Amino acid sequence: MREKIEKVIKELKKAKKVTVLTGAGISKESGVPTFRGKEGLWQNYKPEELATPYAFSRDPKKVWEWYDWRRQMLYDKLPNKAHIALVKIEKFVPNFTLITQNVDGLHHKAGSKNVLELHGCIWRMKCWNQCGVPPWEDRTVPLPELPPKCPSCGGIARPDTVWFGEQIPEDVLEASLNALNCDFMFVIGTSGVVQPAASFAYHAKTRGAFLVEVNVEPTPLTSMMDVSLMGKATEIMESIVSGL
Ligand code: OAD
C-alpha cells in the first residue's frame with residue numbers, strides 16, 4: 001500500500017489538471033449511509049417509489065417525507081478527513097474540479113470551491129410547475145409543511161435533485177465533461193454503476209489521465225485504474241495529502 005500511495009503522490013505532484021469524482025462512500029465516515037451494499041438506503045427503500053418524477057407526481061408527500069428524513073439525518077453531519085483532504089488538494093494543484101454525485105453538501109461545507117453537483121443538492125428546492133423562479137436554498141429541518149410550497153407561484157416545490165429518468169442539468173454536465181480532459185483523476189467512494197458518472201473515468205482515461213480509485217471494495221471501474229487503493233477514503237486521502 002505504501003508504494004502505491006507514493007506513486008499516487010508522485011503523479012499528483014506532476015499533475016496540472018486534476019479532476020475528482022466522488023460518490024456516497026466519501027461521506028460514509030461522516031455517518032451518511034450509502035445507497036448500495038448491506039446497509040445502503042436502497043436496501044430499505046425503493047428508488048422507483050422515491051426518486052423518480054413519476055413517484056413524485058403520484059405521491060409528493062411520501063417523497064418529501066423521505067427527503068425530510070434525509071435532511072434531518074444530514075443536518076448536523078460534518079465533513080470528514082477525506083472531504084478535507086480534497087480541499088487541500090484543490091489548493092495544491094493549478095486546475096482542480098470536483099464532480100460529486102452526492103447531494104449532502106459536505107464538499108461545500110468542507111471548503112471545496114470548484115464543485116459540480118451532478119445530482120443536485122438536498123438543501124435546494126425548485127418549483128415542480130416550473131413557474132420560472134430559480135431554485136432556492138432552504139435548510140429548515142424538519143420542514144413545517146409537506147410538500148413545501150413554491151414561494152413564487154404557491155404550487156408544490158420539489159427537491160432540486162436529479163432523479164432516475166431525469167437529465168443532469170446541461171451546464172453541470174458540460175462542465176463535468178470538460179473537466180474529464182485532465183491529467184489526473186481520483187474516483188472516490190462510488191460503486192460506478194449509475195450513468196453518466198459511471199463512464200467518466202473511461203472518458204478521462206481515453207484523454208490520457210492517470211486514474212486512481214479509492215474504495216473499500218473493487219468496483220466495475222477497478223480494472224481500468226492505474227492505481228486502486230483499497231480502504232477507507234479518510235485514511236487513504238489523509239496519507240496522500242500528508243505526502244504533498
Ligand atoms: P453507492 O452506494 O452505489 O456506492 C458507494 C460506494 O462507496 C461503494 O462502492 C462502496 O464500496 C464505497 N464505500 C463505502 N464506504 C466507503 C469508505 N469509507 N471509503 C471509500 N469507499 C467507500 O453510491 P454512489 O456510487 O454514490 O443517485 O451512487 C450513485 C448514485 O446512485 C447516487 O448519487 C444516487 C444513487 O441512486 C440518485 O439518487 C440519482
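Since the structure is predicted, the reported quantities are computational estimates derived from the model, not experimental observations. Numbering of ligands and ligand atoms starts at 1, following listing order.
Distance from atom 26 (O) of ligand 1 to its nearest protein heavy atom, with residue and atom name: Ala24 N, 2.8 Å. Protein heavy atom at the shortest distance from atom 12 (C) of ligand 1 is Asn215 OD1, 3.2 Å. When hydrogens are left out, the protein atom nearest atom 6 (C) of ligand 1 is Gly189 O, 3.4 Å; that is the closest non-hydrogen contact. Scanning all protein heavy atoms for the shortest distance to atom 16 (C) of ligand 1 gives Gly25 O, 3.5 Å. Summary of contacts: the protein heavy atom closest to atom 27 (O) of ligand 1 is His119 ND1, 3.5 Å. Nearest protein heavy-atom neighbour of atom 36 (O) of ligand 1: Trp42 NE1, 2.9 Å. Scanning all protein heavy atoms for the shortest distance to atom 31 (O) of ligand 1 gives Arg36 NH1, 3.0 Å. In this structure, atom 38 (O) of ligand 1 lies nearest to the protein heavy atom Phe164 CE1, 4.1 Å.
At under 3.5 Å, a nitrogen or oxygen of Phe35, whether backbone or side chain, sits near a nitrogen or oxygen of ligand 1. Ligand 1 has no N or O atom lying under 3.5 Å from any N or O atom of Thr219, backbone or side chain. Any N or O atom pair closer than 3.5 Å counts here, and Asn102 shares no such pair with ligand 1. In terms of N/O distances under 3.5 Å, ligand 1 is not approached by Val193. Considering both main-chain and side-chain atoms, Trp163 never comes within under 3.5 Å of ligand 1 through any nitrogen or oxygen pair.
Of the heavy atoms in Val216, both backbone and side-chain atoms come closer than 4.0 Å to ligand 1. Looking at Ala51 against ligand 1, nothing comes within 4.0 Å, counting heavy atoms. Heavy atoms of Gln101 found under 4.0 angstrom from ligand 1 belong to the backbone as well as the side chain.
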Fill in: Trace of the side-chain contact (heavy atoms from CB on, under 4.5 Å) decision for Tyr67 with Leu50
CA-CA 9 Å; Tyr67 273 89; Leu50 296 165; 5.8 Å; no
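Per-residue contacts place Lys28 under 4.0 angstrom from the following atoms of ligand 1 (heavy atoms of the residue considered): 15 (N). Contact atoms of ligand 1 toward Glu217: 11 (O) (distance under 4.0 Å to a heavy atom of the residue). Atom numbering of ligand 1 starts at 1 in the shown order; those under 4.0 Å from a heavy atom of Val162 are 39 (C). For ligand 1, the atoms sitting less than 4.0 Å from at least one non-hydrogen atom of Glu29 are 17 (C), 18 (N), 19 (N), numbered in the order shown with element in parentheses. Every atom of ligand 1 is numbered from 1 in the order shown, and the set under 4.0 Å from a heavy atom of Gly23 is 26 (O). Listed by number with element, the atoms of ligand 1 under 4.0 angstrom from any heavy atom of Lys232 are 19 (N).
Looking at His83, its side chain does come within 3.5 Å of a backbone N or O of Asn80 through a donor-acceptor pair. At least one donor-acceptor pair under 3.5 Å links the side chain of Asn215 to the backbone N or O of Thr190. In this structure, Lys4 contributes its side chain and Leu229 its backbone to no donor-acceptor pair below 3.5 Å.
The 12-atom threshold is not exceeded at CD of Gln130, counting heavy atoms of other residues, nucleotides or ligands nearer than 6.0 Å. By the neighbour-count criterion of 12 heavy atoms within 6.0 Å, atom CD of Glu39 is sparsely surrounded, having that number or fewer from other residues, nucleotides or ligands. Remark: Glu145 CD is packed, more than 12 non-hydrogen atoms of other residues, nucleotides or ligands lying under 6.0 Å away. For Lys109, the NZ atom counts as densely surrounded, since its 6.0 Å shell holds more than 12 non-hydrogen atoms of other residues, nucleotides or ligands.
Looking at Thr100, Val194, Thr161 one by one, the single match for side-chain contact (heavy atoms from CB on, under 4.5 Å) with His119 turns out to be Val194. Evaluated for a side-chain contact (heavy atoms from CB on, under 4.5 Å) with Met125, the options Cys150, Pro147, Pro148 yield exactly one hit, Pro148.
In plain terms, the two heavy atoms of Ala209 and Asp226 that are nearest each other are O-OD2, 3.8 Å.
Neither Ile26 nor Val87 shares a network with the other; the hydrophobic side chains, linked directly or stepwise wherever heavy atoms of I, L, V, M, F, W or Y lie under 4.5 Å apart, form separate groups for each.
Note on ring orientation: taking the six-membered ring where Trp is involved, the planes of Trp163 and Trp128 are tilted (angle from 30° to 60°).
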